Number of protein chains: 4
Amino acid sequence: MHPPQDNKPRWERRKDARPQELLAAALDQFVERGYAATRLEDVAKRAGVSKGTLYLYFTNKEELFKAVVRGTIVEVIGEAEQDAADFAGHSADLMRELLLRWWNQCCATPLAGITKLMFAEGNNFPELAHFYNEEVVARGTGVIRSVLVRGIARGEFRAVDPDVMTPVLVAPVMMLLMWTQSYMPACEMPPVDPHAYLDLFITTSLAGLAVPAP
Amino acid sequence: MHPPQDNKPRWERRKDARPQELLAAALDQFVERGYAATRLEDVAKRAGVSKGTLYLYFTNKEELFKAVVRGTIVEVIGEAEQDAADFAGHSADLMRELLLRWWNQCCATPLAGITKLMFAEGNNFPELAHFYNEEVVARGTGVIRSVLVRGIARGEFRAVDPDVMTPVLVAPVMMLLMWTQSYMPACEMPPVDPHAYLDLFITTSLAGLAVPAP
Amino acid sequence: MHPPQDNKPRWERRKDARPQELLAAALDQFVERGYAATRLEDVAKRAGVSKGTLYLYFTNKEELFKAVVRGTIVEVIGEAEQDAADFAGHSADLMRELLLRWWNQCCATPLAGITKLMFAEGNNFPELAHFYNEEVVARGTGVIRSVLVRGIARGEFRAVDPDVMTPVLVAPVMMLLMWTQSYMPACEMPPVDPHAYLDLFITTSLAGLAVPAP
Amino acid sequence: MHPPQDNKPRWERRKDARPQELLAAALDQFVERGYAATRLEDVAKRAGVSKGTLYLYFTNKEELFKAVVRGTIVEVIGEAEQDAADFAGHSADLMRELLLRWWNQCCATPLAGITKLMFAEGNNFPELAHFYNEEVVARGTGVIRSVLVRGIARGEFRAVDPDVMTPVLVAPVMMLLMWTQSYMPACEMPPVDPHAYLDLFITTSLAGLAVPAP
DNA sequence: TATGAATGAGCTTTCATTCAT
DNA sequence: CATGAATGAAAGCTCATTCAT
């Protein structure tokens, strides 16, 4: 009968949606062009607004980028942290769940472009690199590490050193991401089936973590 | 008779060496900053010449970059092609030789930065991407493929499909390269030993290619 | 009957007071930042309204500034003109009264900032300078001049040339104003006592204007 | 016979003169428009060069302004410091000399516009205000103060407190400057004859500083 | 009346490229 | 060959002004 039960006038609904539209446009451009090469005017154009409008919502280019990361990757990490904290089952199941989700939400989507971008341009923008390390790398690896600790504490994993084991789990996913992002459009090299690779990698790793039978 | 002995006066040798100095400086900057962020003024400064001088030797930034690639990676590929053509022994030995050389000459040196750069910025510079695909990717994988074909023809390898097998051999080296190039600050990477990894990978692959005993 | 007693509901009184609030906020900002550097957004914020509201009351920045001047300095000048016209006593008393009032109402208050502002930025905004000269400078010196004429006509002042004498009376007050407005950081100004200075200046000047005893 | 004994090619002479041309153009614009309202494009245009050229010689607008001040006012102050140190005669003569020179070199010339500018806009550009206080205000008043100290030490001045006396000498000159700069083009108020005023002020002040006869 | 989102001209700054010497 | 001064087309950011609600 009536439109979505949003009582606000269309105009105000637009206002609320605006930041999301801008962030979506910015994500597109950042992923497509990289950080430095993205022109704010293009972001605005893609969002259907003028250059100045961007500045109503974001202080500057850097803050726009941070907002994009916060609204996407950091969000996903937050959920992962929460779910990891709430999880009741076996740590191996939790680990598999987390790694797969990481892949599905961050690597098999446009978000992967952000990771690639930081890899490529982080050096040129130290403030951005710092932010990304704090909000994404540190927290992301933190979740994996915490599951290792949990598993060891509960006797579900062997007593490996979590600081050594964490990157062993993280690295292959990162590499797969880079690979599938393909470093050039025309270079159709990747022969790897990501899901097969991931599945094999996870299964193998978790088997390696399993407590040996007495 | 005797090895190249330069009879020219020093300043003239300097003149001839000029392009090499420029290319070396350019390589440094491209690897350090990336393509877009490299300023020609910095390249000139590092080479100890003026900005204008660069344009005496290279039409523009793009041609400078291409020249860097031609003078380094393409050179190495050319030698590999030649050596592969000249090689008389067992194809497995040749393959091992080529993969190791690739690593030692292109991946364990600053040249690896070029690969990373193309991965990161190739999308923004289509003309560059095209050039790189033609001159590096295509020819590089071509050598590997040709050795596969040779091995199969000579009955030294199993009759695998070369088009499928080539990337299987290329991908792990690329991954290792990206891994070791990954210097995202604070993101501690696991302590992979490149040579151990490479050796294991090559040995395993060649064993897999070996013709099964009848 | 009785003094102005406002029968309107409070919100409506608020409505009527709005322009005054806006002018007060604008005065604050203009004095604090100067004309060019004052952002209308800040004026609005200080007045607790939206930027757009400003434009309901004032056509543009320039008109806002004019309104500030009209509502303050011009107002004071108008009263001075009126009082001078109504005054019945000795012209020396009137002159003292006017000069002191000028100081107390325009120079020892935030309004002095407007004078400083016109001094500093008038050149950049010819239309503003023109307005200020017409409405403030011309009328202000006009009052002084008219009192001189009156005093001479009534035989209370010596027959000086009013066009020469007027700036002689105006300049010292202006100087004192600039002096006290001088707030260039760290540039310690001498501790002039404005009232002592003014009193001495006025007394001396009026003595000089007195008709010499026959 | 031959042009000025500058052996450099015309082109190079131009290069040497360039900074001075830019500074002159910048001085003009800063004095005419103020700091904030001066557009670098206009400075360039007035100097007959392009916008970018300015940046070959000056890091940014702020440094351009500082360079203008250094090349003019600070220069004059340096000479004053030197002359004061070298002077052998009576301190009263030195003081008169310095105050007159200050007027003739800094106040009766376009340089006065810089002082006016700092007075007007210093608040909006703290970094500039800081620089100006360090390089101009502090050093300028320092010279005056040092002469006071010298005179007292040599028994040529009464034993006044130099920290109190310095601004008493500085302030009237500053005020005269502001006055003669006239705060608006159309406002032809100043009736003061600067030289008469100055002369009277200096003579009076120095008389006041004279050691009373025993 | 009042709002505040939206606009776009304008300013500072950067850098690949040109060219007179 | 070599120089380096000069150019000018962007790009990031600001703010007076407009207008749909």
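We name chains A, B, ... by the order of the sequence lines, and we start the count at 1 in each one. Quick caveat, the model's predicted, so the values are computed rather than measured.
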| note | Rounded to whole Å, CG of A:Leu22 lies from C1' of E:dA5 at a distance of 11 Å

| note | Answer for the Watson-Crick or wobble partner of F:dT14, both distances under 3.5 Å, is E:dA9

| said: Counting only side-chain nitrogens and oxygens, does B:Tyr57 get under 4.0 Å of the OP1 or OP2 atom of F:dA2? | reply: yes

| remark: Rounded to whole Å, the CG-P distance (B:Leu64 to E:dC15) equals 16 Å

| note | The residue, C:Asn60 or B:Thr53, whose nearest nucleotide of DNA chain F is more 5′ is B:Thr53

| message | Can you measure D:Lys45 atom NZ to E:dG10 atom P for me and round it to whole angstrom units? | response | 12 Å

| remark: Of D:Thr38 and B:Glu41, the one whose nearest nucleotide on DNA chain E sits closer to the 5' end is D:Thr38

| remark: A:Leu40 CG to E:dT7 C1', in whole Å, measures 16 Å

| field | N or O in side chain of B:Lys61 less than 4.0 angstrom from E:dA16 OP1/OP2 | value | yes

| said: Would B:Lys116 pass as a cation-pi partner of A:Phe119, given that its NZ or CZ must be under 6.0 Å from the six-membered ring centre and within 45 degrees of the axis? | reply: yes

| query | Distance-only, no hydrogens or angles: does the C:Thr72 side chain make a donor-acceptor pair with backbone N or O of C:Val68 under 3.5 Å? | reply | yes

| G-U wobble or Watson-Crick pairing nucleotide for E:dA16 (cut-off 3.5 Å, both distances) | F:dT7

| task | Please report, rounded to the nearest Å, how far the C1' atom of E:dT14 is from the CZ atom of B:Arg33. | result | 15 Å

| Whole angstrom value for the distance that separates P of F:dA16 from CD of C:Glu62 | 13 Å

| query | Taking atom P of F:dT18 as reference, at what distance in whole Å does atom CD of C:Glu63 sit? | reply | 13 Å

| task | Verify the contact: side-chain N or O of D:Tyr55 to OP1 or OP2 of E:dT14, cut-off strictly under 4.0 Å; return yes or no. | result | no

| task | Please test B:Glu41 against B:Lys45 for salt bridge (Lys or Arg N to Asp or Glu O under 4.0 Å), starting from the C-alpha separation and ending with a verdict. | result | CA-CA 6 Å; B:Glu41 179 149 27; B:Lys45 193 175 298 172; 5.2 Å; no

| query | Between the side-chain atoms of A:Lys51 and the base atoms of E:dG10, is any donor-acceptor pair under 3.5 Å? | reply | yes

| Contact nearer the 5' end of DNA chain E, comparing D:Gly52 with C:Leu56 | C:Leu56

| message | Tell me which nucleotide, if any, is Watson-Crick or G-U wobble paired with F:dT21 when both distances must be under 3.5 Å. | response | E:dA2

| Which listed nucleotide (F:dG4, E:dT12, F:dC13) is nearest to the side chain of D:Arg39? | E:dT12

| request: Identify whether NZ of Lys or CZ of Arg in C:Lys61 sits under 6.0 Å from the centre of the six-membered ring of C:Tyr35 and within 45° of that ring's axis. | output: yes

| query | Looking at A:Leu128, A:Val74, A:Leu23, A:Leu117, which hits side chain to side chain contact (heavy atoms under 4.5 Å, CB included) with A:Val69? | reply | A:Val74

| said: In whole Å, I'd like the distance from the CG atom of C:Leu54 to the P atom of E:dA2. | reply: 11 Å

